[in-house]
Amino acid sequence: MASSNAVFSVIGTVMFATLQSLVPPRMRGCAISLTLVLNTIIGASLGPLMVASVTERVLHDPAQVGWSIAVVCTPFLLLGAALYAGAGRAMRRAAARGDSECAQLLSSGAN
C-alpha cells in the first residue's frame, strides 16, 4: 500500500503539471476542476462502494476484503496505464508535428 500511494501521488502531480502546460491559460481552471471532480467521483465514491459490493455479494466473506480490493483495482489500474500510454503517444505525435509545449515537456523528461 505504501509503495502504491507513493507512485500514485507522483503520477497525480505529474498529471496536473502536464495539464497546466498543455491546456490554454483560459481553460486551465476548468481542466483541473474537471479532473479533480472525476477523480473524486470515480475514486473516492465508487471505489469503496465497488470494493464493499464485491466483498458482500461475490466473496460473501468480510475477511476477504483484500481480494475484493485486488479484483476491483486491477482492471482500473490496467485501464489507467493504457490511457496514460495513449496520452504519451499522442504527446509524442504532437511534438513530432512541432507543438512546442509537447516538445518541451518531452525533452525535459528525457534530461
Side-chain angles (χ1 to χ4, degrees):
M1 284 300 288
S3 61
S4 66
N5 283 337
V7 169
F8 295 148
S9 65
V10 170
I11 289 172
T13 304
V14 170
M15 177 184 58
F16 290 130
T18 303
L19 277 174
Q20 289 291 332
S21 296
L22 295 178
V23 175
R26 63 184 172 78
M27 297 173 64
R28 286 181 183 160
C30 289
I32 296 294
S33 306
L34 183 61
T35 302
L36 285 171
V37 165
L38 289 175
N39 283 343
T40 301
I41 289 172
I42 293 170
S45 300
L46 293 178
L49 179 64
M50 291 175 70
V51 169
S53 296
V54 169
T55 303
E56 295 274 326
R57 297 181 181 180
V58 176
L59 300 175
H60 307 290
D61 183 8
Q64 299 293 321
V65 72
W67 283 107
S68 62
I69 291 172
V71 166
V72 170
C73 291
T74 300
F76 289 108
L77 287 172
L78 293 173
L79 176 64
L83 291 172
Y84 273 108
R89 283 193 298 273
M91 285 180 65
R92 285 191 290 280
R93 282 194 304 269
R97 284 191 310 263
D99 184 353
S100 63
E101 292 291 331
C102 286
Q104 286 175 348
L105 280 171
L106 291 174
S107 66
S108 67
N111 292 336

* V10: hydrophobic cluster co-members (side-chain, 4.5 Å) -> V14
* Structure fact -> Excluding I41, membership of its hydrophobic cluster (Ile, Leu, Val, Met, Phe, Trp, Tyr; side-chain heavy atoms within less than 4.5 Å) reads V37
* Which residues pass the side chain to side chain contact (heavy atoms under 4.5 Å, CB included) test with I32, sequence neighbours left out? -> F16, L19, Q20, L36
Pairwise distance [atom1]([X]) to [atom2]([Y]) - rounded to 0.5 angstrom:
X   : Y   : atom1 : atom2 : result
L38 : L34 : CG    : CG    : 4.5 Å
S53 : L59 : OG    : CG    : 11.5 Å
T74 : I69 : OG1   : CD1   : 10.5 Å
T18 : Y84 : OG1   : OH    : 8.5 Å

* Asked: Linking I/L/V/M/F/W/Y whenever any side-chain heavy atoms sit under 4.5 Å apart, do I42 and L49 land together?
  ->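 Different clusters: I42 never reaches L49 through Ile, Leu, Val, Met, Phe, Trp or Tyr contacts under 4.5 Å.
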* In this structure, which one of V51, V58, D61 forms a side-chain contact (heavy atoms from CB on, under 4.5 Å) with S68? -> V51
* Structure fact -> Smallest heavy-atom separation, P62 atom then T55 atom, equals CA-CG2, 3.7 Å
* Asked: Taking all atoms of both residues into account, what is the closest heavy-atom pair of G43 and P48, and its distance?
  -> O-CD, 3.4 Å
